[in-house]
Amino acid sequence: MESSHRKNGGITRRVVLQGAVVTGLAATFPARAADAASPGISAAIDVSKTRDPISKNIYGAFFEHIGNTVYGSVWAEVLSDRKFFSAVEPQTQPAQKWVPVGPASAVTMDTTAPYVGEWSPAISLDRSQLRGIEQSGLSLAAKDYVGRIVVTGQPGANIAVTLSWGTGQEQRVVVPIKPQWATVPLRFSCKAATTSGVLRIAGTGSGTVKVGAVSLMPADNIKGFRKDTIGLLREMESGFWRFPGGNFVSAHDWKNAIGDPDQRPPVFDPEWNFPQPNDVGTDEFLTMCDLLGAEPYVCVNSGFGEARSAAELVEYVNGAADTTWGRVRAANGHREPYQVKYWGVGNEMFGFWQKGYMSPPHYVIKHNLFAAAMKKVDPTISIIASGAAFTVMTFQREPFYIDPSTRKVVQPEPVVVEHGSDTDWDYRLMQNCWGNIDIVDEHGYGVPQRFDLQQGHRVVVDESLRDSAGRGANQLHALREAWDLYRKDFPIDRDKVKVALGEWGYQNATGFSAPNLTGLRGVLAKAMMLQEMFRNSDLFTMAAYTMGTGWLSYNRTDSIYSETGLLFLLYRKHFGSIPVEVSGNSPVPAPIWPAGGDQPSVNAGSPTYPLDMSAALTPDGRTLTVSAINLTADTQSVGLSLTGFTPSKSGRLWRLTGTNLNAVNRLGQPPQVSVQEEEFDSSTTTLTTEPYSVEIRAYTKA
């Protein structure tokens, strides 16, 4: 028998043979013995057995200035290097670089009186020859663009700013030249989409013209942000966003990133070895959070930074308009305090890769200094410490480094951090910083390789997709086990301290090649990590997915949801918020590897192996949602019993799956991962899940 189901505007065909659903996935990836359909699995859900509510902040996001991550995704600026961090000079491949128009000798970099930064390009004009600068390779849509140019020059200079989007198609704005720096607005109407646009600043005449800064944005930008990506991200209802780092924050000076964007000097980020235009700073980030309907989580610089600067940032953000830094904020256009609640003291300060990293005895002193100074400015804020459980310290440190002379990875002796030892970072935090911590920030990146305690690094092992994808959830479960110990070590009110996953995701480890972890296999692993957070909602109060922009597939003009974005939308829109215990008769197999590092003593998951199941009620108790993740190549069936909840006959089912395990959703290509919604008979006692899928069922109370 053959049936068709509409899925996101396309037709997905399913062939049913002898009661089993056979998909392209199952045919492409035949089942391993360990993954075969498991008869006799049962699950029981008693709605009276609830846990702490799932915070909306579990669906939070993180991003930082890594290369062009911020400016290529949410910020609307079209131009690169708009304030001339780099010199204007001829290029073999001039795309997205400023190059001379006319003789190269006519453009010099003036350092005597630059408008911003180290220098400004000076163009020596000629009456008989067009001279200037231009940037090509611009991605433009068929829409209006607005911008500005900051210029100064001598009498007799005549220049124009021209935007071109194809042969013979251009618009020009004549720019008046004054002896002092002046900002001139620009507006263009681009008539056709292109990835080869050109912005030219050139003219003829006599004398010299200097260019201080240039900007070009779509006219439909929202306070400097892209309308398309902000619109998609707002739909995520992501709870909160963490910014500006990440490693970036440890060498970041927030005072350089406020005020007039044209007069903020471009900076070189020493962490990621990339020049930054410095346009998205504190005010812009807080504006973005407002546009997204999300709370901000601001991370302060405890690497190269110090407590006074952190306290001044709190005053700039939250202080009244009559305070020293509140007046500066008001002058910058935001009179009312932002009232930011969440403040993180540094990022991964335990890690050798971090600028200004330190030992536990050093950090606890610095944390207390920061917390006291920041709370003195605003006692209502929540202080989030840079944390690392002993499990994380063992495997996250991965004590390798790259020899700068040979560029080869060097593996010193393995480092195993014992619970309660001098190098147990979180133990020292709890021991020395109690009263100055509200939340501890842990980072958890699941990877498909096993961490070998003896070798001190990751190794490839032959295991099923279910076990490989479960390593991220296992890491979170190991973190849970560590915090159970900390709560016993420090019993007086210590259980009030919650854990934030300030960064998390599922990715490949350094130095390994692996199948596409951003595809469907990665989505399944991330779903397991989310469900592990749900099962431990008493501990995990916040989680920032890395990167939030990874929820999208985008170029410089357009965007869609990625396969990971669809996963987060699925859970955020359709899964309940009051977790309900799921019991079953098929426990997750015991670990075959010794506990330690990212391997817990008990493997993560629900007792419905090989499925990973979770359940939650909506706040009104009227709807019970049941999710099931199937990481096998077979249809899996589970006998389901509900206690304390009688459903109506009909329910809603949402199923996320794809064309294969490497399936991705990429802009400009047909979607390979989609979510199908359909009705199901909620009176049945059998729950059947398709191969390689995430399914959520909603049962409505009768």
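These figures come from a predicted structure and were not determined experimentally.
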Tell me which donor-acceptor pairs under 3.5 Å the side chains of residues 541-548 have, and how far apart each pair is, sequence neighbours excluded?
{"from": "Tyr545", "atom 1": "OH", "to": "Lys526", "atom 2": "NZ", "distance (Å)": "3.0"}
{"from": "Thr546", "atom 1": "OG1", "to": "Tyr445", "atom 2": "OH", "distance (Å)": "3.1"}
{"from": "Thr546", "atom 1": "OG1", "to": "Trp504", "atom 2": "N", "distance (Å)": "3.4"}

When you compare the side chains of [X] and [Y], does any donor N or O come within less than 3.5 Å of an acceptor on the partner?
{"X": "Ser627", "Y": "Gln531", "answer": "yes"}
{"X": "Thr632", "Y": "Asp634", "answer": "no"}
{"X": "Ser637", "Y": "Thr688", "answer": "yes"}
{"X": "Asp441", "Y": "Tyr342", "answer": "no"}

Around Tyr357, counting heavy atoms of other residues, nucleotides and ligands shown, do more than 12 lie under 6.0 Å from its OH? no

Could you work out, with salt bridge (Lys or Arg N to Asp or Glu O under 4.0 Å) as the rule, every residue matching [X], not counting sequence neighbours?
{"X": "Lys49", "value": "none"}
{"X": "Asp681", "value": "Lys649"}
{"X": "Glu503", "value": "Arg242"}
{"X": "Asp438", "value": "Lys375"}

Which residues share a side-chain contact (heavy atoms from CB on, under 4.5 Å) with [X], sequence neighbours left out:
{"X": "Arg572", "answer": "Lys56, Tyr59, Glu237"}
{"X": "Asp422", "answer": "Arg428"}
{"X": "Ala604", "answer": "Ala473, Asn474, His477, Glu532"}
{"X": "Ser42", "answer": "Asn585"}

So that I can tick it off, tell me whether Asp612 and Arg535 are bridged by a salt bridge, with the cut-off set at under 4.0 angstrom between side-chain N and carboxylate O. yes

Check Arg450 with Asp467, please: is the shortest side-chain N to carboxylate O separation under 4.0 Å? no

What residues form a side-chain hydrogen bond (donor to acceptor under 3.5 Å, both in side chains) with Thr608, not counting sequence neighbours?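 Partners of Thr608 under the side-chain hydrogen bond (donor to acceptor under 3.5 Å, both in side chains) test: Ser606.
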
Sequence neighbours excluded, the answer for ring pair (Phe, Tyr, Trp, His ring centres under 6.0 Å) partners of Tyr363 is His367, Trp425

Restricting to ring pair (Phe, Tyr, Trp, His ring centres under 6.0 Å), what partner residues turn up for Phe534, sequence neighbours left out?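 Ring pair (Phe, Tyr, Trp, His ring centres under 6.0 Å) list for Phe534, sorted by chain: Tyr571, Phe575.
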
Aromatic contact between Trp551 and Phe568, with the criterion being ring centroids under 6.0 Å apart: yes or no? yes

